[in-house]
Chemist: 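The following block contains the structure, expressed as structure tokens.
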Protein chains: 2
Amino acid sequence: MAITVLANAGIWKLPAGRHAGIEAYPESTGHPGADGARRNGRRLSFFRDQEIYGEGEDATCIYRVEAGVVRTCKFLRDGRRQIDAFHSFGGVFGFQSGMKYRTGAAAACDCIVTTYRRLNLESLAASGDRLSLQLFALAMDDIAQAQEHALSLGRRSAVEKVASFLLGHAAGAACGGFVKLAMTRQDIADYLGLTIETVSRMFSQLERRSFIELKGVHLVRMCDTTALRVLCG
Amino acid sequence: MAITVLANAGIWKLPAGRHAGIEAYPESTGHPGADGARRNGRRLSFFRDQEIYGEGEDATCIYRVEAGVVRTCKFLRDGRRQIDAFHSFGGVFGFQSGMKYRTGAAAACDCIVTTYRRLNLESLAASGDRLSLQLFALAMDDIAQAQEHALSLGRRSAVEKVASFLLGHAAGAACGGFVKLAMTRQDIADYLGLTIETVSRMFSQLERRSFIELKGVHLVRMCDTTALRVLCG
DNA sequence: CGAAGCGTTGACGCGGATCAAAGGCAGTGG
DNA sequence: CCACTGCCTTTGATCCGCGTCAACGCTTCG
């Protein structure tokens, strides 16, 4: 997978603090327009916890995830954090109607994203390009996700939150039935409106009940998807 | 205001159970296309708690609120309810990327909405009409709202939730500094992921602290907006 | 080896849910 | 006009799920 390649490639091992928004494929920027489908797309890579853009910054770009997982989130003044969404391969984030980003975005694990200038996209949309409908559909999928997320945040108990999170976010690269959770417990907690301790306890509980099986910290196997689905209501 | 007119007009006093989706202005439907701006818009009126569409139904229409307040919400199998959003004058709801509504919609108080057939809108968007950008902007505003909502649901305490709700949803028709809350305590509770008892207690607490003043059940005055904003973080 | 991060587990306390009862307020009928 | 009814809201008492605090285990890195 691209992400492990990324993590292993020596070229990425830059000194700490000096690797913000590196161009992944600088050579490709020499051929603007060469790839029509990408329209001024530009690849950047980020290490875990690196900020991609900050809450309140000028919203100049829209991003697509090529590898890894990105989280978008908001903060309260006292530091409490709410993760709004996780974006993985193919996911698009950075939509804004105003001039400023209303959420910040950061790498939940090492990842690669493509940037698109916002103005181009909007004029594209206005021109009636097919892409316009696709963008619209993406935005709407975001809305549907947000609605499901609100249901979890507002009305599900801790176990139910974790169960629905697993069903919704562990769809991905399986190996031996095990699925990789790219994000940390802290990220999961801040996504579900819980604490790391509670998330950890719920994982343990689900494993004790044989609904899931854990291998290490980031590999999960859903043993009883039906039971998990029942839990979610 | 249109809504009180609606509530008072004798024509609306139909026998219970027989008033689903009445056309508000049947005569106008005789002139399709007469009003270009409305593009097959059709006005319907609903009483409080009447369903506009159900979760899982075919998503045939998009709606705009002309008067009153509409809530969109999801349910868990055991009846727990999460209100996703309140839509008031000018608000548009019913966006879907798939074929089915992922949330239900109902009147939070007596209200009037205009319906638009979905296909027309989408072809409109594809044609590059100016409306397409407006719709896009509306969808994005929805996303921003959902993000703010998630922050409340996941990371704010009960008082903070109510304070931010007031700041966000009581902007509207003021009379003598008092603002009308169109929705019931139950709706507020299901929006904020609380119970009615807690919502009620928090209102009382905010009044005791002189942050707000209540007149009856549906009129609020923000005495200390600054304090409320501080509460929200 | 020690140190730093991250995750797990246990003990305890608090915020908000739950249960219960009583207080407005509008609509209805006498 | 008032009594009555039903619905919504408020308030109080109690309970419990999850947060908080603390200790410990595991993994990675120097």
Side-chain angles (χ1 to χ4, degrees), chain A residues 7-8 13 15-16 47-49 76 78-82 108-110 152-163 165 181-208 212-220 231, chain B residues 4 7-8 10 12-13 15-16 47-49 76 78-82 108-110 152-163 165 180-208 212-220 231:
Chain A
N8 295 334
K13 302 279 182 180
F47 286 97
R48 175 152 77 88
D49 289 338
L76 294 176
D78 62 6
R80 279 175 284 176
R81 185 178 72 158
Q82 177 61 45
C109 63
D110 297 346
S152 270
L153 287 171
R155 289 302 180 210
R156 285 204 245 250
S157 70
V159 221
E160 293 167 348
K161 284 179 179 180
V162 172
F165 170 78
L181 288 180
M183 58 292 286
T184 65
R185 294 287 188 270
Q186 184 64 64
D187 281 344
I188 299 176
D190 285 347
Y191 178 76
L192 295 175
L194 300 170
T195 59
I196 36 176
E197 292 95 330
T198 302
V199 170
S200 182
R201 275 186 259 268
M202 297 307 123
F203 269 102
S204 303
Q205 177 184 328
L206 290 175
E207 189 168 31
R208 220 176 310 122
I212 63 172
E213 188 184 340
L214 294 168
K215 183 188 288 179
V217 175
H218 289 286
L219 291 179
V220 202
L231 253 191
Chain B
T4 43
N8 295 333
W12 301 111
K13 303 277 180 180
F47 286 96
R48 176 152 76 88
D49 287 340
L76 294 176
D78 62 7
R80 278 175 285 176
R81 184 178 73 157
Q82 177 62 45
C109 63
D110 298 346
S152 269
L153 287 170
R155 287 300 178 213
R156 285 204 245 251
S157 71
V159 221
E160 293 166 349
K161 284 179 180 180
V162 172
F165 170 79
K180 171 132 186 153
L181 288 180
M183 58 292 285
T184 65
R185 295 288 189 269
Q186 183 65 65
D187 281 344
I188 298 175
D190 285 348
Y191 178 76
L192 295 175
L194 299 170
T195 59
I196 35 175
E197 292 95 331
T198 302
V199 170
S200 182
R201 274 186 257 269
M202 296 307 122
F203 269 102
S204 303
Q205 178 185 326
L206 290 175
E207 189 169 29
R208 219 176 310 122
I212 63 171
E213 187 184 340
L214 294 168
K215 184 188 287 181
V217 175
H218 289 287
L219 292 180
V220 204
L231 253 190

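Numbers restart at 1 for each chain; the letters A, B, ... are given by sequence-line order, proteins then strands.
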Chemist: In whole angstroms, how far is the P atom of C/dG15 from the CZ atom of A/R80?
Modeler: 13 Å

Chemist: NA contact type, A/L194, heavy-atom cut-off 4.0 Å: base, sugar-phosphate, or nothing?
Modeler: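 Since only primed, P, OP1 and OP2 atoms lie under 4.0 Å of A/L194, the category is sugar-phosphate.
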
Chemist: Assuming nearest nucleotide by heavy-atom distance, tell me which of B/R208 and B/R48 is located more 5' along DNA chain D.
Modeler: B/R48

Chemist: How long is the line joining CD1 of A/I196 and C1' of D/dC18, in whole Å?
Modeler: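 That distance rounds to 14 Å.
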
Chemist: Classify every nucleotide of nucleotides 20-27 of chain D by which part a protein heavy atom approaches to under 4.0 Å, writing B for the base, S for the sugar-phosphate alone and - for neither, in 5'-to-3' order.
Modeler: BB------

Chemist: Between the axis at one end of the helix from C/dC1-D/dG30 to C/dG30-D/dC1 and the axis at the other (five pairs apiece), what's the angle to 10 degrees?
Modeler: 30°

Chemist: What's the CZ-P distance between B/F203 and D/dT9, to the nearest Å?
Modeler: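 B/F203 atom CZ is separated from D/dT9 atom P by 10 Å.
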
Chemist: Using whole Å, what does the distance between atom C1' of nucleotide C/dA17 and atom CZ of B/R81 come to?
Modeler: 17 Å

Chemist: Got a sec, which residues hit side-chain hydrogen bond (donor to acceptor under 3.5 Å, both in side chains) with B/T198, two or more places apart in sequence or on another chain?
Modeler: B/T195

Chemist: Mind checking salt bridge (charged side-chain N to carboxylate O under 4.0 Å, His left out) for B/E160 and listing every partner two or more places apart, or none if nothing turns up?
Modeler: A/R80

Chemist: Can you name the side-chain hydrogen bond (donor to acceptor under 3.5 Å, both in side chains) partners of B/R48, sequence neighbours left out?
Modeler: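 Applying side-chain hydrogen bond (donor to acceptor under 3.5 Å, both in side chains) to B/R48 gives none.
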
Chemist: To the nearest angstrom, how far is A/L206 atom CG from C/dT8 atom C1'?
Modeler: 15 Å

Chemist: Within the structure provided, determine whether B/Q82 and A/R156 are in side-chain contact (heavy-atom separation under 4.5 Å).
Modeler: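 The answer is no, as the side chains (C-beta and beyond) never meet within the 4.5 Å cut-off.
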
Chemist: Taking all heavy atoms of B/K161 and all of B/L192, pick out the closest pair and write down the distance.
Modeler: NZ-O, 3.0 Å

Chemist: Please report the shortest heavy-atom distance between A/Y191 and A/L153, naming the atom on each side.
Modeler: O-CD2, 3.6 Å

Chemist: Taking only residues two or more places apart in sequence, or in another chain, which ones meet B/R155 in a salt bridge (charged side-chain N to carboxylate O under 4.0 Å, His left out)?
Modeler: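 For B/R155, the residues satisfying salt bridge (charged side-chain N to carboxylate O under 4.0 Å, His left out) (neighbours in sequence not counted) are A/D190.
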
Chemist: What integer distance in Å separates A/D187:CG from C/dC6:P?
Modeler: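 These atoms are roughly 10 Å apart.
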
Chemist: Round to a whole Å and report the spacing from NE2 of A/H218 to P of D/dT28.
Modeler: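 So the two atoms are 10 Å apart, to the nearest Å.
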
Chemist: How many angstroms lie between OG in A/S157 and CG in A/L231, if you round to the nearest 0.5 Å?
Modeler: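 Answer rounded to 0.5 Å: 7.5 Å.
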
Chemist: Scan A/G216 against the nucleic acid and name what it touches under 4.0 Å (heavy atoms): base, sugar-phosphate only, or nothing.
Modeler: nothing

Chemist: Given atom CD of A/Q205 and atom P of C/dT8, what is their separation to the nearest angstrom?
Modeler: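 The distance from CD of A/Q205 to P of C/dT8 comes to 14 Å, rounded to the nearest Å.
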
Chemist: Pairs under 3.5 angstrom only: tabulate donor-acceptor contacts from the side chains of residues 199-207 of chain A to other protein residues two or more places apart or in another chain.
Modeler:
unit_1	atom_1	unit_2	atom_2	d
A/S204	OG	A/S200	O	3.0
A/E207	OE2	A/L214	N	3.0

Chemist: Could you work out which one of D/dT9, C/dG7, C/dT8 sits closest to the side chain of A/S200?
Modeler: C/dT8

